[in-house]
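Note on naming: letters A, B, ... go to the chains in the order of the sequence lines (proteins, then strands), and numbering restarts at 1 for each one. If you're wondering where the values come from, they're calculated on a predicted model, not measured in any experiment.
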Number of protein chains: 2
Amino acid sequence: MKFESQPSYSLGQRTPASREVAVGENGGNVTLVSQSALGAINRGRVLQALYDNGPKSRADLARLAGVNRTTITGIVQPMIEDQLLIEGDASPSDVKGGKPARPLYFNPDAPMLGAVLLLPGTIQTCLVALTGEIKAVAKAEFDTHGDTEAFIAVMTETLTATLSQAQQAPFGIGVASAGMIDSDNGTILTVNLAPVLTGLPLVAILQERFSLPVAIDHHPRALLVGDRWFGPGRGQQNFAAVYTGEVLGGAFFIDGKVYRGLAGSGGELGHTVVQIDGAPCNCGKHGCWETVAALPWLRKEAARMGLPHPKSITCARLVKEADEGSNAAEELLVRYTRNVAFGIVNLQQTLSLNSYVLHGDVAGGGMKAAELIRQHVEQLVVKRPGQEISITVNGIGEGHTALRGAAGLVLSSHLKLVI
Amino acid sequence: MKFESQPSYSLGQRTPASREVAVGENGGNVTLVSQSALGAINRGRVLQALYDNGPKSRADLARLAGVNRTTITGIVQPMIEDQLLIEGDASPSDVKGGKPARPLYFNPDAPMLGAVLLLPGTIQTCLVALTGEIKAVAKAEFDTHGDTEAFIAVMTETLTATLSQAQQAPFGIGVASAGMIDSDNGTILTVNLAPVLTGLPLVAILQERFSLPVAIDHHPRALLVGDRWFGPGRGQQNFAAVYTGEVLGGAFFIDGKVYRGLAGSGGELGHTVVQIDGAPCNCGKHGCWETVAALPWLRKEAARMGLPHPKSITCARLVKEADEGSNAAEELLVRYTRNVAFGIVNLQQTLSLNSYVLHGDVAGGGMKAAELIRQHVEQLVVKRPGQEISITVNGIGEGHTALRGAAGLVLSSHLKLVI
DNA sequence: AGCAGTTAGTTTGTACCTCGCACAAACTTA
DNA sequence: TAAGTTTGTGCGAGGTACAAACTAACTGCT
């Protein structure tokens with residue numbers, strides 16, 4: 001299946017294969033900004049402002065961006081003509097007098113984004129509208145230890161089933177995957193529980209089959225992007241997403257952009273050390289954060305303390321049992337959230353992002369878990385005048401955040417938001 | 001003392017008091033890029049490319065930046081006319097044939113930068129040429145528990161003594177200070193050992209007295225900038241500077257710019273936790289990195305192990321004694337460097353910068369200490385295909401790196417390098 | 001009803017920046 | 001001496017944002 005290319009301002013335009021500059025020395029990656037690039041940048045920023053702030057009139061956008069109204073008109077008009085944006089009804093506005101503003105927002109019928117969530121053994125695909133709406137969900141399973149060709153066949157089939165339901169060619173495809181991902185080169189490095197994926201150049205494969213821009217990143221970073229575009233991180237310029245469950249991971253939104261680190265390897269928080277020479281970890285080291293703040297620790301402690309059904313313990317159940325009066329559950333919950341807090345404290349001391357969105361198991365603990373973690377963090381962080389730290393949970397519709405985030409990856413990486 | 005303003009392209013031009021946009025919602029800090037800003041940005045990038053790569057011809061710069069040669073000429077010509085840059089002698093070049101290139105570099109007689117290093121009890125000031133050369137050093141002492149006015153008087157006097165030796169008005173003044181600094185607002189929040197500085201709006205004060213752009217940041221970040229402009233970080237796009245001594249601190253250069261975090265509070269690594277419920281720390285918590293990788297720990301362990309003169313132990317002496325055959329020194333050195341490594345490992349797992357420059361006590365341990373740390377880090381980090389981690393020391397001329405870094409702060413913050 | 005005041009969005013002309021092309025200058029090689 | 005190569009400089013084209021002036025639409029006062 002092939003799709004036609006996009007309109008001239010193109011959400012999905014690929015970067016022009018960054019010229020090979022071989023003057024070398026030490027990399028020498030200075031790049032000047034050209035006039036034409038400038039247009040693309042500003043178009044991207046206007047779109048992001050619309051995402052971040054909801055429907056807004058041209059005049060509002062101009063004020064928001066600190067530019068002339070005419071500039072906004074120039075940027076926005078072609079998008080309206082291409083039906084990416086639509087002009088809402090003239091709202092009477094809150095101020096008295098004056099011509100009523102016409103709010104602009106994304107056309108619900110504009111092209112959508114393809115999204116893939118790749119976890120060991122399962123593929124989930126869907127279409128995501130620019131408004132965050134999810135459609136055409138499809139699921140499939142694959143043999144984690146099987147043949148690469150077989151996996152690619154299943155993947156292509158599932159994705160085709162989803163994409164074919166789109167009215168128009170999607171802007172692109174975003175993939176969120178478990179494991180270690182090289183997002184620069186678009187390859188899956190390793191997925192512990194799915195060896196079939198090792199070394200798979202998935203971006204190249206999908207780009208070739210579907211002729212669309214494709215972006216890939218690891219699961220926590222997709223959650224981050226999902227939070228940023230459609231969740232509690234909307235409009236924020238600095239925050240982190242933290243995932244806890246069988247493993248721990250994180251991702252950062254710094255100064256208005258997704259932080260990836262070299263080859264996309266930033267945010268592997270599970271194996272930061274919080275207990276020198278502590279308990280052994282799967283990674284072969286000792287005292288990793290993962291050894292004290294992930295589900296295996298929780299199960300082990302629940303068993304040790306004699307809590308019921310320790311093998312299936314979750315933060316959600318812990319909160320429930322604590323609320324029902326179990327002192328043991330309360331005590332374990334406090335210790336668990338404190339252990340989680342240490343990782344956030346270290347992040348805070350290092351990056352000072354001040355805002356954290358929790359996913360996965362602790363998110364299942366809801367407000368109560370978040371508040372406990374916030375208290376621990378507050379207590380453990382070196383105080384700084386005027387600093388407020390916010391901890392939010394985004395556990396509801398877990399899978400949807402990851403899928404929306406996968407879709408958002410395409411937006412983030414192909415809308416040149418930052419130079 | 002007042003100085004005249006700078007030429008039109010102005011290295012030291014202040015940002016035009018970022019328009020007050022009161023549309024609010026959630027900050028709404030989208031900013032579009034204007035035409036004129038673009039010019040300033042590209043001028044800044046060309047200058048940075050010159051810094052990073054040394055003298056280069058227009059043609060080389062054009063290749064380096066991936067732009068047209070004429071563009072470089074347009075940017076560079078006014079700077080030559082204003083004597084900021086000078087054209088070197090035509091070098092025969094390595095390639096065969098063709099008109100020889102005229103390398104461009106900074107004019108040694110161009111305006112300099114004022115630099116201040118502020119440590120508890122002492123002020124050090126100097127002038128730094130764009131080439132990194134240091135001139136007109138002045139020192140003074142102040143009463144750490146005294147009167148604010150008295151401190152300001154000493155500071156002004158010392159700085160005036162230095163600045164008055166400049167041939168031309170400096171581009172600006174950069175301040176590196178111990179303690180907790182709010183670099184956004186240009187105030188010193190707290191310096192534990194110098195209460196007189198608490199809450200001091202130093203940037204505003206100096207800006208008023210000297211009518212020059214002033215930038216302030218904390219000591220580790222100045223080291224980072226010093227490394228970046230004039231040291232081992234030159235030309236690098238991603239690296240961290242780590243300082244160890246009585247306290248620990250760090251700073252990051254991420255994607256070609258200095259990372260500050262909100263209100264400049266990023267990089268307070270000393271109080272990241274590496275030992276939950278470990279030894280008590282000055283900050284009131286337990287198991288901070290500072291409790292196992294700073295000098296107090298080293299002294300305590302040296303005493304416990306019966307090493308000679310434990311109160312004045314340093315990494316440098318430890319290396320020396322180990323080289324002379326002391327098994328105890330060797331053993332302590334290994335443990336010390338391992339403890340230092342844990343902090344770097346956590347940084348690496350979090351940000352994946354791959355390159356670390358050490359300052360302070362461990363830097364005194366030279367290559368041997370660096371190599372030991374590198375080995376520990378290598379062993380403790382989760383391996384990733386193709387990843388190389390570099391550990392460098394920059395202990396020589398410690399004070400000079402901080403002063404050069406202070407000067408570089410002005411360049412970094414007032415050369416709008418990133419949009 | 002009419003007019004002033006206010007805000008939104010558009011039209012028009014201007015300034016600025018980068019790019020591609022053409023060309024002179026300077027040097028090497030045959 | 002001629003051909004080839006590289007550097008650096010004019011000049012016009014194309015694209016972008018901005019300022020000023022204009023029209024459109026609505027409120028409120030007389």
Can you tell me if the side-chain N/O atoms of A:R63 get under 4.0 Å from OP1 or OP2 in C:dA8? yes
Enumerate the protein-to-nucleotides 24-27 of chain C contacts in which both atoms are nitrogen or oxygen and the separation is below 3.5 Å.
unit_1, atom_1, unit_2, atom_2, d
C:dA26, N3, B:K99, N, 3.3
C:dC27, O2, B:G98, N, 3.2

Is the phosphate of C:dC19 approached by B:T71 (side-chain N or O, under 4.0 Å from OP1 or OP2)? yes
Apply salt bridge (charged side-chain N to carboxylate O under 4.0 Å, His left out) to B:D182 and list each qualifying residue two or more places apart in sequence or on a separate chain. none
Between CD1 of B:I80 and P of D:dT7 the distance, given in whole Å, is 16 Å
If you compare all heavy atoms of A:Y51 against all heavy atoms of A:L411, which two are closest, and at what distance to 0.1 Å? OH-CD1, 3.4 Å
So does A:N42 get a side-chain nitrogen or oxygen closer than 4.0 Å to the phosphate oxygens (OP1/OP2) of D:dT16? no
Determine the minimum heavy-atom distance between B:P170 and B:L127, stating which atoms define it. CG-CD2, 4.5 Å
Can you tell which of A:T73, A:I72, A:I75, A:V67 makes a side-chain contact (heavy atoms from CB on, under 4.5 Å) with A:L61? A:I72
Which atoms form the tightest heavy-atom contact between B:S183 and B:R260, and what is the distance? OG-CD, 3.3 Å
Distance check: side-chain N/O of A:R69 vs OP1/OP2 of C:dT7, anything under 4.0 Å? no
What is the distance, rounded to the nearest whole Å, between atom CG of B:L104 and atom P of D:dG8? 7 Å
Would you indicate which nucleotide in C:dA8, C:dC19, D:dT16 comes nearest to any side-chain atom of A:A59? C:dA8
Kindly say if A:R58 contacts the phosphate of C:dA8, meaning a side-chain N or O under 4.0 Å from OP1 or OP2. no
Using a cut-off of strictly less than 4.0 Å, decide whether B:Q77 has a side-chain nitrogen or oxygen near OP1 or OP2 of D:dG8. no
Would you mind reading off the distance between B:I75 atom CD1 and C:dC19 atom C1', rounded to a whole angstrom? 13 Å
Examine C:dT18: is either OP1 or OP2 under 4.0 Å from a nitrogen or oxygen in the side chain of B:N68? Give yes or no. no
For C:dG9, take OP1 and OP2 only and decide whether either is under 4.0 Å from a side-chain N or O of A:T73. no
